[in-house]
Amino acid sequence: MPEQQRSLIVDGSVVPDEWTRLDADAERPADAAVIVPLADWQAARGPAVAPLLASDTELTRELAAELLEAPLIAIDFPKFTDGRGYSIARLLRERHGYAGQIRAVGDVLIDQLFYMSRCGFNAFSLREDQIVEDALNALDTFSRSYQPGTDTGEPLFRRRMREAARQRDVA
């Protein structure tokens, strides 16, 4: 049975969701782009089929190489307190070079969006009770980050040291 439509934010904009999330072994609607559990994706890859990774997925080199073919990768957050999906997204971006859409699905709250985006997520399927306008604002919660992330490869102190060196060179 298809999952109910939720608000989708991609790259900082609200967009209609063209993908339908299906449970394991559910019948695929004709001509529909679907997100299916990993095992189903591995059996039926294609341009309109995307994998759903459970939060306990072990991201081996072999699996990561397979996932590079995926049109998008959805990572499930079964509970907002389960942070394993952050690690999966960061590994996909930094270690394995996945450049496509990484979508957070499941129990996704606006409080998490800024941190998810720093780990490599660029799409968010919000929990039904979340307010889209608040979610968009949450993406800009902080203007600077101390730690490196997938969006900024250097910690803040290195960026500040480089800026100070440039100012000394100009003076």
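Model, not experiment: these values are computed from the prediction.
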Does a side-chain heavy-atom distance below 4.5 Å link I102 with M116?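 The answer is no, as the side chains (C-beta and beyond) never meet within the 4.5 Å cut-off.
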
Looking only at heavy atoms, what is the nearest atom pair of [X] and [Y], with distance?
X   : Y    : value
L68 : H96  : CD2-O, 3.5 Å
L22 : P37  : O-CD, 3.5 Å
R93 : G100 : NH1-O, 2.7 Å

More than 12 heavy atoms of other residues, nucleotides or ligands under 6.0 Å from CG of D129: yes or no?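 Result for CG/D129: enclosed.
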
Spatial distance of atom CG (N122) from atom CD (Q101) [nearest 0.5 Å]: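 Result: 5.5 Å between the selected atoms.
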
Looking only at the aromatic ring of each residue, does the gap between the centers of F77 and F124 stay below 6.0 angstrom?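 No - the distance between ring centres of F124 and F77 does not fall below the 6.0 Å cut-off.
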
Look only at the side chain of [X] and the backbone of [Y], and say whether a donor-acceptor pair between them is shorter than 3.5 Å.
X    : Y    : result
Y98  : A89  : no
Q130 : R127 : no
W41  : V49  : yes

Between D40 and R45, does the salt bridge (charged side-chain N to carboxylate O under 4.0 Å, His left out) criterion hold? Intermediate values first, please. CA-CA 8 Å; D40 292 349; R45 292 182 200 174; over 6 Å; no

Under 4.0 Å between a Lys/Arg side-chain N and an Asp/Glu carboxylate O for D76 and R21?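 Judged by the 4.0 Å cut-off on N to carboxylate O distance, D76 and R21 do form a salt bridge.
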
